[in-house]
Every structure is written in C-alpha cells, then in structure tokens.
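Working notes, structure below.
Residue numbering restarts at 1 for every chain, and letters A, B, ... go by the order of the sequence lines. Reckoned from all heavy atoms, side chains included, excluding hydrogens, waters and symmetry mates.
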Number of protein chains: 2
Amino acid sequence: MTSPLPTTAQNWLSLFPALECLENDTMARLAETSQVVDIPAGQTIFRAGDACQSFLLVLGGVVRVQMTSENGREIILYRVDAGETCILTTACLLGHDPYGAQGITETQVRAVAIPAAVFHQLLATSQVLRDFVFKSYATRLANLMVLIEEVAFGRLDIRLARFLLDKADADGTLPLTHQQLAVELGSAREVISRQLKEYERRGLVRLHRGHLTVLESAQLSRLCEA
Amino acid sequence: MTSPLPTTAQNWLSLFPALECLENDTMARLAETSQVVDIPAGQTIFRAGDACQSFLLVLGGVVRVQMTSENGREIILYRVDAGETCILTTACLLGHDPYGAQGITETQVRAVAIPAAVFHQLLATSQVLRDFVFKSYATRLANLMVLIEEVAFGRLDIRLARFLLDKADADGTLPLTHQQLAVELGSAREVISRQLKEYERRGLVRLHRGHLTVLESAQLSRLCEA
DNA sequence: GTGTGTTTGTGACTTGGTTACAGACACCAG
DNA sequence: CTGGTGTCTGTAACCAAGTCACAAACACAC
C-alpha cells in the first residue's frame with residue numbers, strides 16, 4: 001500500500017493551488033517526513049472508532065466518507081476529491097478523538113500522508129497550510145449543515161429528484177443501483193425503488209438493472225421547486 | 001447592547017481555562033480592540049444568510065444555535081455555553097461565508113466580540129488562540145456528526161427518552177412544553193405529545209401544562225438500550 | 001366569571017422505513 | 001444451451017413519524 005515516493009514533494013504540491021506558495025521550510029519538512037501512498041479502490045482507510053494516525057491530502061481519486069447505523073443503514077456525509085482533505089481526519093487529529101465515521105476509497109487513490117506530529121508542528125509554523133486547513137474546515141461544515149437540514153426536514157421524492165438531476169450525465173444516464181442511491185440519501189432501498197417506480201409510471205425516468213435514464217429532466221426539476 | 005468594558009481583558013480571560021496562558025501581546029491586542037457586550041435573553045444575534053462581523057467568546061449565559069425549515073420546523077444544532085465559542089461563526093469568518101443557521105440567546109449573555117480582522121491576525125500569531133479554536137472546532141464537529149446519525153437513523157421514542165433523562169433535574173422535573181421538546185429533537189409537536197402520552201400511559205412520566213416529571217427513570221433508560 | 005392566548009389531545013391521512021418474499025436478470029460452468 | 005448462483009428489483013403488509021384540522025383544557029388578566 002505504501003510505495004516509495006513516486007514524485008518529489010515539489011511535484012505533488014503543484015496539484016494543490018491553495019498550497020502553491022507554501023513556505024520553503026514547510027515544503028522541505030514535508031518532503032522529508034511525508035509519504036505518498038497509493039490505495040486501491042474499495043478499500044476502507046478508516047472506520048468509526050479508529051484512532052487517527054496521519055493527515056491526508058488527496059492527490060488523485062475519490063474517498064467517500066459515510067456513517068453506518070447499527071441496523072445497517074448508511075448515509076454518505078461527503079466525498080474527498082483530488083486537492084482536498086478530510087475534515088474528519090483534521091478534527092480527529094486536532095481533538096485527539098477517534099474517527100466518528102468510515103472512509104472508503106471509491107477509486108484508486110493517491111494521497112500524501114503527513115504524520116500527526118509533523119502536521120501539528122507545521123500547522124503552528126505555516127500560515128499557508130493553516131489557511132488551507134481552516135478553509136476546508138469551513139466549507140465542509142457548511143456542507144454538513146445542509147445535510148442535516150435535508151435529512152431532518154427534506155422530502156425524499158425531492159431529494160431523490162435533485163440527486164438524479166445532479167448526478168446523471170449528459171444523456172441522462174446514471175449507473176447506480178437502487179441500493180447505492182439509498183446510501184447516497186441515507187434512505188432504504190425499498191423506498192428508493194418505490195419512488196423510482198413512481199417516477200417511471202409518470203414517464204420521468206426509465207429503469208434498468210444497474211442503471212437508470214432520466215427522460216424528463218425539466219419535469220423532474222419542476223418537482224424540486226414545488 | 002454594547003456596554004463600556006465592564007472588565008479588563010485580563011479579567012475576562014480568566015474565565016477561559018484554555019486561554020489562560022495567552023501570549024502577552026495577544027492579550028494586549030485583544031484588550032484594545034475587542035468589546036465586551038451584554039445581550040438580553042431571547043435575542044436573535046444572527047440568522048441564516050447574515051454575514052459574520054466578529055468572533056464571539058461567550059463569557060456567561062447560553063446561546064442556542066438552530067435551523068428552521070421552510071415549513072417552520074426547527075432543530076437545535078448545539079448550544080454555546082460560558083467559555084465556549086460558536087464554531088459556525090468561526091467557519092463563517094474563515095470561509096467568508098454567510099451564516100447557515102440562527103443564533104438566539106437563551107439567557108442573558110455576556111460575550112467578547114473580536115472584530116474579524118483582529119481575529120484573523122491573532123489566529124496567525126497566537127498559538128494558544130489557534131489551539132483553542134481548533135479544539136472547539138473538533139468537538140463541535142463530532143457533536144454534529146452524532147446529530148446527523150440520530151436524525152438519519154435514530155428512533156424518536158429513544159431519542160426522546162434519552163433527552164428526558166439527560167435534561168430532567170434531580171426530582172425528575174423538566175420545565176419544557178411539548179413544542180420546545182419538538183424543537184430540541186427536530187420533530188413535530190404532535191409527535192412528541194403522542195409519544196409522551198404513551199410514556200404516561202405506561203407510568204413512566206407524568207404530564208402537566210408547561211412541564212413534566214420523570215417517574216421511572218430506570219425503565220426509561222432501559223428503553224434506550226433496547 | 002369571562003374572555004383571550006397558550007398548551008395539549010386526538011383522529012384521519014400521508015410519507016418513509018421495515019420485514020419478508022418473489023421474480024427477473026447477468027453470468028459462469030458444464 | 002442449460003442449469004445454478006448471486007445480485008438487483010418489485011411488492012405487499014405493517015409500523016413509525018410527520019401533517020392537517022380542530023377541539024378541549026388550562027392560565028391569567030380584566
């Protein structure tokens with residue numbers, strides 16, 4: 001899982017616009033202490049209760065962060081894309097808490113792992129890194145608040161419609177199973193099936209095994225307004 | 001609302017254990033730029049969409065932070081007690097975003113208001129302030145994740161039982177209306193009334209107008225386990 | 001005691017989650 | 001091509017929770 005540095009620190013830093021004017025000494029320290037790791041798709045990189053060992057900067061690929069309830073239902077909190085960091089990891093490092101959710105690679109992921117001690121030290125000395133971390137924190141928190149609002153107050157038919165519109169590609173195709181949609185929205189598979197069937201009955205989508213097609217995106221988005 | 005400084009910076013800082021070894025220059029800067037404000041109970045200090053002007057340290061009293069849906073349902077996100085800060089405010093300042101929720105004083109509140117510019121500057125220079133802010137951030141985020149879990153997966157009867165046990169005083173009294181309980185849990189008044197009536201039928205609580213009494217806390221807490 | 005506003009109770013209905021299966025489909029091995 | 005296997009989808013019945021509409025009980029001021 002851990003490969004020898006495939007690139008120099010200077011190289012991978014160029015992937016982070018926000019860090020591009022990182023201080024020289026910070027960069028040097030990162031180069032000597034941090035590791036670039038490659039992780040295959042579908043791997044669990046941390047689970048609820050784990051202690052947090054190192055700060056992760058995602059260079060490429062996507063990490064999905066989700067929670068699972070006792071009875072097996074799941075909800076996706078957010079995704080970490082290239083150039084981003086996982087605030088949950090940051091929070092755990094800063095608060096010395098264990099993780100409160102689960103992180104899974106959705107694709108192959110290349111990331112920089114900065115050991116906790118180095119992260120703490122650099123956070124104290126590097127204005128640029130600090131700004132970067134604080135900024136990520138702020139945007140993720142805003143996302144989580146929207147999520148709370150949706151889960152607490154939102155109607156599922158509308159949340160689903162929005163999700164379909166948002167995630168379907170140009171020809172309206174969405175290659176997800178009903179179960180996967182349920183996890184995206186924190187709902188149950190049967191509920192999603194029911195709702196999709198209703199959309200199909202109204203001619204808004206067409207269902208297939210393993211994927212679906214949005215037919216009437218205009219009508220679907222009108223649904224979201226009302 | 002803004003009163004002349006009732007105490008010196010040295011005085012109010014003593015209320016924050018985490019800030020007690022704040023750097024001398026930081027303290028001086030705070031003393032000259034920040035204001036101690038007193039706000040009466042029941043005042044809205046920010047609402048969703050507002051821009052954030054200054055960082056707030058609560059010296060005394062309680063601020064409630066909650067969200068309201070279009071159709072009027074509300075949910076309490078967290079409370080800011082004496083010695084704490086509002087992470088939402090921090091996030092807004094750091095991300096230059098507007099507020100995503102509403103803050104209301106539950107009691108009279110005395111707070112230190114640090115102007116945004118000063119806050120940014122001190123965050124860059126004061127290790128102690130930085131640690132304090134990061135720590136608060138981490139703990140609040142953990143709270144919010146628990147909230148998401150509860151709202152998305154939790155059963156209302158159990159959440160309510162837990163709340164009653166948690167908030168009732170020594171003699172089992174809880175001076176809240178059903179509507180207030182509904183807001184605490186992000187539910188609807190009728191649902192709470194129904195559930196409380198069921199608890200009363202089972203002899204677990206006794207209901208009165210404007211308050212209720214927990215009779216069988218043991219049985220109530222057994223409910224939460226199962 | 002009467003009026004007024006708040007709080008609580010209740011029934012009917014809708015939405016969403018759970019349980020328990022059955023059927024449909026994809027794909028592999030023989 | 002055929003049967004077997006695992007995954008995905010459909011459905012019905014039931015329960016939990018939110019919504020709507022309105023009635024009753026209560027607290028308190030006048």
Side-chain angles (χ1 to χ4, degrees), chain A residues 42 67-75 147-164 173-202 205-213 223-224 226, chain B residues 42 67-75 147-164 173-202 205-213 223-224 226:
Chain A
M67 275 192 321
T68 306
S69 75
E70 306 119 30
N71 45 341
R73 260 174 66 206
E74 301 175 284
I75 187 169
L147 182 63
I148 292 180
E149 182 156 29
E150 292 208 330
V151 174
F153 305 135
R155 289 181 52 93
L156 194 75
D157 51 354
I158 293 174
R159 292 177 61 210
L160 178 57
R162 247 204 299 269
F163 187 87
L164 297 185
T173 303
L174 192 61
L176 295 176
T177 66
H178 299 181
Q179 177 59 45
Q180 287 171 317
L181 286 168
V183 174
E184 293 284 346
L185 301 177
S187 178
R189 201 265 310 164
E190 297 84 337
V191 178
I192 300 293
S193 288
R194 198 151 65 193
Q195 191 59 56
L196 285 175
K197 212 59 194 165
E198 168 64 17
Y199 287 157
E200 189 176 49
R201 198 192 57 75
R202 290 197 248 163
V205 302
R206 177 168 305 145
L207 304 182
H208 310 277
R209 185 189 171 91
H211 71 288
L212 60 84
T213 316
L223 234 171
C224 300
Chain B
M67 275 193 320
T68 306
S69 74
E70 305 121 28
N71 45 341
R73 260 174 66 206
E74 300 175 287
I75 187 169
L147 182 63
I148 292 180
E149 182 156 29
E150 291 207 331
V151 175
F153 306 133
R155 290 181 51 93
L156 194 75
D157 51 354
I158 293 174
R159 291 177 62 210
L160 178 58
R162 249 204 297 269
F163 187 87
L164 298 185
T173 303
L174 193 60
L176 296 176
T177 67
H178 299 181
Q179 176 59 47
Q180 287 171 317
L181 286 168
V183 173
E184 292 284 345
L185 301 177
S187 177
R189 201 265 310 162
E190 296 87 329
V191 178
I192 300 294
S193 288
R194 203 150 60 194
Q195 190 60 55
L196 285 175
K197 212 60 194 163
E198 169 65 16
Y199 288 157
E200 189 176 49
R201 199 191 56 74
R202 290 198 248 162
V205 302
R206 176 168 306 144
L207 304 181
H208 310 277
R209 186 190 172 90
H211 71 287
L212 60 84
T213 316
L223 236 170
C224 300

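For Gln195(A), taking side-chain heavy atoms from C-beta onward, the closest of the listed nucleotides dT8(C), dT9(D), dG16(C) is dG16(C).
The residue Arg73(A) sits close only to the backbone: its heavy atoms come under 4.0 Å of sugar-phosphate atoms, none of a base. In this structure, Arg194(A) reaches the bases: a heavy-atom distance under 4.0 Å links it to at least one base atom across the strands shown. Residue Arg189(A) is classed as a base contact, given a heavy-atom separation below 4.0 Å to a base.
We find that CD of Glu190(B) is positioned 13 Å from P of dT10(C), with the value rounded to whole Å. One interatomic measurement links the two molecules: CZ of Arg155(B) to C1' of dG16(C), which rounds to 13 Å at whole-angstrom precision. If you take CG of Leu207(A) and P of dT11(D), they are 11 Å apart, rounded to a whole angstrom. Note: CZ (Phe153(A)) to C1' (dG18(D)) measures 12 Å, nearest angstrom. Atoms CG (Leu212(A)) and C1' (dC8(D)) sit 13 Å apart, rounded to a whole Å. We find that CG of Asn71(A) is positioned 16 Å from C1' of dA20(C), with the value rounded to whole Å. Counting to the nearest Å, the C1' atom of dA12(D) and the NZ atom of Lys197(A) are 15 Å from each other. When the P atom of dA16(D) is taken as reference, atom CG of Leu160(B) falls 15 Å away, rounded to whole Å.
Electrostatic pairing of Glu184(A) and Arg159(A) does not count as a salt bridge here, judged by no charged N lying under 4.0 Å from a carboxylate O. Taking 4.0 Å as the cut-off between side-chain N and carboxylate O, Arg194(A) and Glu198(A) do not count as a salt-bridged pair. A salt bridge between Lys197(A) and Glu190(A) is absent, with no side-chain N of the basic residue lying under 4.0 Å from a carboxylate O of the acidic one.
For the atom pair CG of Leu196(A) and CG of Asp157(A), the computed distance is 11.5 Å after rounding to the nearest 0.5 Å. Rounding to the nearest 0.5 angstrom, the gap separating the CD atom in Gln179(A) from the CG atom in Leu181(A) is 9.5 Å.
For the pair Arg209(A) and Gly154(A), both in contact range of DNA chain C, the more 5′-proximal nearest nucleotide belongs to Gly154(A). Of the two residues contacting DNA chain D, namely Ala152(A) and Leu176(A), the nearest-nucleotide position lying further toward the 5' end is that of Leu176(A).
Remark: Ser187(B) is in phosphate contact with dG18(D), judged by side-chain N or O atoms under 4.0 Å from OP1 or OP2.
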